[in-house]
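Take a look at the structure below.
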Amino acid sequence: MSESVTSGARALSVASAFAGMRSVAPVRFRAGCPDCRGRFELTASALRLAIGASSRTTFYSFTCPDCGAAVRKPAGERIVELLTGGGVRTLRLQTP
């Protein structure tokens, strides 16, 4: 099945469609460490998101770049939305 353009519009190639695009900077998330009180920015690859059956089992985690502590923080709906939209790897936890 083929479609033809009858409105006078010209065909657009993939190369010309993306010709003006530039590379996009990776998303960075602001975070803080409860142990050393450090404040920093992390890329999506430095974070992990675990989604459980309840708000108590939904959290994100990372390793503090300042002190090396393993940090785990609760993630509400808005945080889950931001992290997944920013490319953070997500693990869905199953209930027994």
Side-chain angles (χ1 to χ4, degrees):
M1 178 171 165
S2 66
E3 294 183 36
S4 62
V5 178
T6 58
S7 64
R10 355 179 241 144
L12 186 64
S13 72
V14 172
S16 63
F18 291 102
M21 292 186 74
R22 298 183 182 159
S23 63
V24 178
V27 175
R28 299 188 68 81
F29 298 94
R30 284 188 227 146
C33 176
D35 288 355
C36 71
R37 301 267 194 232
R39 293 261 179 235
F40 37 82
E41 290 186 350
L42 299 169
T43 61
S45 63
L47 294 155
R48 298 292 176 265
L49 175 63
I51 300 176
S54 70
S55 61
R56 289 195 304 189
T57 57
T58 299
F59 60 91
Y60 65 99
S61 62
F62 58 90
T63 300
C64 176
D66 293 344
C67 71
V71 179
R72 179 175 160 169
K73 295 187 174 187
E77 287 182 37
R78 180 70 178 138
I79 298 294
V80 169
E81 185 179 312
L82 291 170
L83 293 177
T84 55
V88 173
R89 282 194 273 181
T90 303
L91 172 68
R92 295 209 179 263
L93 303 176
Q94 294 184 359
T95 56

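Here, residue 1 is the first one in the sequence, and each next residue gets the next number.
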Out of the candidates Leu83, Thr43, Ile79, only one should pair with Phe29 under the side chain to side chain contact (heavy atoms under 4.5 Å, CB included) rule; please name it.
Leu83
Does Arg78 reach the main-chain N or O of Ala75 with its side chain, forming a donor-acceptor pair under 3.5 Å?
no
Heavy-atom closest contact (Phe40 atom, Cys64 atom, distance):
CE2-SG, 3.8 Å
Within the structure provided, determine whether Thr58 and Ser55 are in side-chain contact (heavy-atom separation under 4.5 Å).
no
Are Leu47 and Leu49 joined in one hydrophobic group, where the rule is that I, L, V, M, F, W and Y side chains link up if heavy atoms are under 4.5 Å apart?
yes
Can you give me the closest heavy-atom contact between Gly32 and Val71, atom names plus distance?
O-CG1, 4.4 Å
Can you measure from CD (Glu77) to CD1 (Ile51) and round to the nearest 0.5 angstrom?
10.5 Å
Closest heavy-atom pair and its distance - Ala69, Asp35:
CB-OD2, 3.2 Å
If every non-hydrogen atom of Gly52 is compared with every non-hydrogen atom of Leu93, which pair is closest and at what distance?
CA-CB, 4.1 Å
Go through the steps for Val88 and Tyr60 under the test side-chain contact (heavy atoms from CB on, under 4.5 Å), then give the verdict.
CA-CA 9 Å; Val88 173; Tyr60 65 99; over 6 Å; no
Could you tell me which non-hydrogen atom of Leu42 sits nearest to which non-hydrogen atom of Ala31, and how far apart they are?
CD1-CB, 4.0 Å
Using every non-hydrogen atom in the two residues, find where Val27 and Gly86 come nearest and quote the distance to one decimal.
CB-O, 4.1 Å
